[in-house]
Q: 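One structure coming up, written as structure tokens, with questions to follow.
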Amino acid sequence: MRYDELIGQVQAGAELPDRGSAARAVRAVLATLAERLPDGTARHLFAQLPADLVALVEGPEPPESADAPGGGAAAERFDLPTFSGRVAWRGGVSEDVAVRYVSAVFEVLDAAVSPDLMKKVADALPRDIGRLLPTARVGDPPE
């Protein structure tokens, strides 16, 4: 999936007014997801996304490792309130809007990356965050 297509789908899915808002939503969700996922899973996820999108998430400061956003760091363990709080802070929106961002980005990621990788992402997330994944991906993720 190309960058423009991904941003457009998030804009539509999250009912955002413009592409800039969608790009901010994607950046906020992916940056937070990179903190929550194990290093290898985060690296694989970012390897399957458009380079333009990875650059958007990395921003002007280099990530901890040159490999990928979130690279080099162990996964932080946090639940949905913390996840949505971080997305809200990064996106400059309320936590309710942040949850809408997360759902829209997860839906688009599900179509953009391999099913095996999305299964690994789902397995790495606690149940409360995993419930925001598309229904086909929701299994019984760890707490």
Side-chain angles (χ1 to χ4, degrees), residues 1-61 63-64 67-143:
M1 183 177 294
R2 292 181 23 246
Y3 173 84
D4 291 336
E5 182 181 3
L6 193 144
I7 295 296
Q9 287 184 10
V10 169
Q11 180 183 354
E15 300 175 356
L16 297 170
D18 54 54
R19 296 178 67 74
S21 298
R24 280 189 298 281
V26 170
R27 182 178 196 281
V29 172
L30 290 181
T32 305
L33 186 60
E35 293 170 345
R36 183 61 180 83
L37 292 176
D39 182 45
T41 305
R43 236 189 340 271
H44 287 111
L45 176 65
F46 282 88
Q48 290 191 20
L49 296 175
D52 301 12
L53 185 62
V54 175
L56 175 73
V57 175
E58 288 177 350
E61 298 178 19
E64 294 176 29
D67 293 337
E76 290 184 55
R77 297 184 63 83
F78 50 82
D79 57 8
L80 181 58
T82 302
F83 193 95
S84 62
R86 290 182 186 193
V87 171
W89 177 78
R90 285 184 168 113
V93 297
S94 71
E95 287 191 33
D96 289 339
V97 172
V99 169
R100 195 172 77 223
Y101 282 9
V102 173
S103 293
V105 172
F106 281 1
E107 186 73 36
V108 174
L109 285 179
D110 190 57
V113 303
S114 74
D116 288 343
L117 180 55
M118 282 307 293
K119 172 84 169 93
K120 288 179 184 177
V121 169
D123 289 346
L125 296 174
R127 187 173 292 119
D128 59 350
I129 299 171
R131 286 188 180 120
L132 298 176
L133 289 165
T135 306
R137 297 286 169 224
V138 177
D140 196 18
E143 285 298 321

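It should be emphasised that the depicted structure is a prediction, and the values quoted were computed from it without experimental measurement.
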Q: Are the side chains of Trp89 and Thr32 in touch, meaning some heavy atoms are under 4.5 Å apart?
A: no

Q: If every non-hydrogen atom of Gly13 is compared with every non-hydrogen atom of Ala104, which pair is closest and at what distance?
A: C-CB, 3.8 Å

Q: Side-chain contact, heavy-atom cut-off 4.5 Å: Val99 with Glu95?
A: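 No. Closest side-chain heavy atoms not under 4.5 Å.
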
Q: State whether Tyr101 and Arg90 meet the cation-pi test: NZ (Lys) or CZ (Arg) under 6.0 Å from the six-membered ring centroid, and within 45° of the perpendicular axis.
A: no

Q: Could you give me the CA-CA distance, side-chain angles and deciding distance for Leu133 and Asp110, then say whether side chain to side chain contact (heavy atoms under 4.5 Å, CB included) is met?
A: CA-CA 8 Å; Leu133 289 165; Asp110 190 57; over 6 Å; no

Q: For a 4.5 angstrom cut-off between non-hydrogen side-chain atoms, does Val108 reach Met1?
A: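 Touching, per the 4.5 Å side-chain cut-off.
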
Q: In chain order, what residues pass the salt bridge (Lys or Arg N to Asp or Glu O under 4.0 Å) check against Arg100, with sequence neighbours excluded?
A: none

Q: If you round to the nearest 0.5 Å, how far is CD1 of Ile129 from CZ of Arg36?
A: 5.5 Å

Q: Which residues pass the side-chain contact (heavy atoms from CB on, under 4.5 Å) test with Ala22, sequence neighbours left out?
A: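 side-chain contact (heavy atoms from CB on, under 4.5 Å) list for Ala22, sorted by chain: Ile7, Val10, Gln11, Leu16.
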
Q: With the threshold set at 4.0 Å, does a side-chain nitrogen-carboxylate oxygen contact exist between Asp116 and Lys120?
A: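 Not counted as a salt bridge, because no side-chain N and carboxylate O are separated by less than 4.0 Å.
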
Q: Specify the closest pair of heavy atoms between Ser84 and Ala98, including all atoms of both residues, with the distance to one decimal.
A: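 Where Ser84 meets Ala98 most closely, the heavy atoms are O-CB, 3.4 Å.
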
Q: Who pairs with Asp79 by side-chain contact (heavy atoms from CB on, under 4.5 Å), at least two apart in sequence or on another chain?
A: Pro81, Thr82, Asp128

Q: Backbone N or O of Glu76 within a donor-acceptor pair of the Glu35 side chain at under 3.5 Å?
A: no

Q: What distance separates Leu49 CG from Tyr3 OH, expressed to the nearest 0.5 Å?
A: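 Those atoms lie 12.0 Å apart.
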
Q: What salt bridge (charged side-chain N to carboxylate O under 4.0 Å, His left out) pairs are there with at least one residue in residues 5-19, not counting sequence neighbours?
A: Asp4-Arg19

Q: Arg27 and Val57: which non-hydrogen atoms are nearest, and at how many Å?
A: NH2-O, 3.7 Å

Q: For the residue pair Ala124 and Pro38, what are the closest heavy atoms and their distance?
A: CB-CD, 3.6 Å

Q: Distance from Phe83 atom CZ to Leu132 atom CG, nearest 0.5 Å?
A: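 CG of Leu132 is found 8.0 Å from CZ of Phe83.
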
Q: Ignoring hydrogens, what is the shortest heavy-atom contact between Met118 and Phe106? Give both atom names and the distance.
A: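 Minimum heavy-atom separation between Met118 and Phe106: CE-O, 4.3 Å.
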
Q: Which heavy atom in Phe46 sits nearest to a heavy atom in Leu30, and how many Å separate them?
A: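 For Phe46 versus Leu30, the nearest heavy atoms are CZ-O, 3.8 Å.
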
Q: Is there a side-chain contact between Val87 and Leu33 in this structure, where contact means two heavy atoms from C-beta onward sitting under 4.5 Å apart?
A: no

